[in-house]
Amino acid sequence: MGKKGDDTRKRILDAAQQLILSHGYSGMSLDQLIGQLGMTKGAFFHHFKNKKDLARTLIQRFSDEGVALLRSALARARTYSDDPLQQFLIVVRQYEEIFEGLDEPYDGCLLAAYAYEFQQFDEPIRELVRTEFEVSRTELTRLLEAVAEKYPPRAAVDLRSLADGFMTLFEGAFILEKSLDEAGITWQQLRHYRTYVELLFAPQK
């Protein structure tokens, strides 16, 4: 596919993502999407077989980008410090920086939008939705295990649950931002999470 085709495909995916975040998967119709894009049905079906094909491609892209972002943040943290606690804090700080610069409430999480309508999707799409969560849980739990080995926690803590807390924080913050029409909640909650982790593993004096 040439650059023009790639650009058209991206334009379709970007528009579909915004509509799903605004109206939900069930609430988005192909006619609505095609009309918004100002293209013919033939042009759309040149790129996607149907709505489910579009949904699968969209969540694959979103999940791949999320996994790549996390692994990039982990790699960058390792270049800055050999200390596992500092690495974890640096990872969280990188996400803070992403959301700290936004002037408007964040659009939301496509993974959550799909999860709310799991009954609409077949198992392969459900598995794609789970991928980013599973990667985050695995990678962050592994790092937290290294942290706990070097810095015994000051309170009993389930490390996998603490790792999950990083991902669960986002959806609640996104909902608050949109409901209150107030940007900044996400990065503030990330800062609270980072402070909690820092205090939990603070070296015993």
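At a threshold of 4.5 Å between non-hydrogen side-chain atoms, the residues Leu37 and Thr8 do not count as touching. Counting heavy atoms from C-beta outward, Leu69 and Ile98 have side chains that approach closer than 4.5 Å. Residues Arg61 and Gln17 are in side-chain contact: their nearest non-hydrogen atoms beyond the backbone lie under 4.5 Å apart. Side-chain atoms of Arg154 and Leu199, non-hydrogen and from C-beta on, never get closer than 4.5 Å to each other. Val197 is listed as a side-chain neighbour of Leu85, based on a closest heavy-atom distance under 4.5 Å. You'll find the side chain of Ile12 reaches within 4.5 Å of the side chain of Met39, heavy atoms only. Considering only heavy atoms from C-beta on, Gln87 stays 4.5 Å or farther from Val91 through its side chain. By the 4.5 Å heavy-atom criterion applied to side chains, Asp107 and Phe174 are not counted as neighbours.
Phe201 pairs by the ring-ring contact (aromatic ring centres under 6.0 Å, His included) definition with nothing, not counting sequence neighbours. By the ring-ring contact (aromatic ring centres under 6.0 Å, His included) test, Phe62 pairs with no residue at all, sequence neighbours left out.
When all heavy atoms are compared, the tightest approach of Val92 to Leu190 is CG1-O, 3.6 Å. The heavy-atom pair separating Glu171 from Ala112 by the smallest distance is OE1-CB, 3.2 Å. Summarising the geometry of Ala113 relative to Ile20, their closest heavy-atom pair is CB-CG2, 4.1 Å, with the distance given to 0.1 Å.
Checked for salt-bridge contact, Arg160 and Glu145 miss the test: no charged N lies under 4.0 Å from a carboxylate O. One finds no salt bridge joining Glu104 and Lys178 here, because no Lys/Arg side-chain nitrogen approaches an Asp/Glu carboxylate oxygen to under 4.0 Å. The pair Asp122-Lys52 does not count as a salt bridge, with every side-chain nitrogen at least 4.0 angstrom from each carboxylate oxygen.
Distance alone, capped at 3.5 Å, places no donor-acceptor pair between the Ser81 side chain and the Ala77 backbone. The main-chain N or O of Ile59 is never found under 3.5 Å from a side-chain atom of Ser63 such that the two would form a donor-acceptor pair. Within the 3.5 Å criterion, the main-chain N or O of Tyr25 finds no donor-acceptor partner in the side chain of Tyr114. Judged by distance alone, the side chain of Lys41 and the main-chain N or O of Leu30 form no donor-acceptor pair under 3.5 Å.
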### Task
Go through the steps for Arg137 and Glu132 under the test salt bridge (Lys or Arg N to Asp or Glu O under 4.0 Å), then give the verdict.
CA-CA 9 Å; Arg137 168 183 279 181; Glu132 184 180 346; over 6 Å; no
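Counting only N and O atoms by type, the side chains of Asp14 and Gln18 include no donor and acceptor under 3.5 Å apart. One side chain, Ser26 or Glu117, offers a donor N or O that lies under 3.5 Å from an acceptor on the other.
Using cut-offs of 30° and 60° for the angle between ring planes, the Tyr95 and Phe166 rings count as perpendicular.
Expressed to the nearest 0.5 Å, how far CG of Leu13 lies from CG of Leu58 amounts to 5.5 Å.
Aromatic ring centroids of Phe170 and Phe99 lie under 6.0 Å apart.
Note that Arg126 lies in the cation-pi zone of Phe118, set by a 6.0 Å cut-off to the ring centre and a 45° limit from the axis.
Cluster partners of Leu180, using a side-chain heavy-atom cutoff of under 4.5 Å among ILVMFWY residues and allowing indirect links, are Leu176, Ile185.
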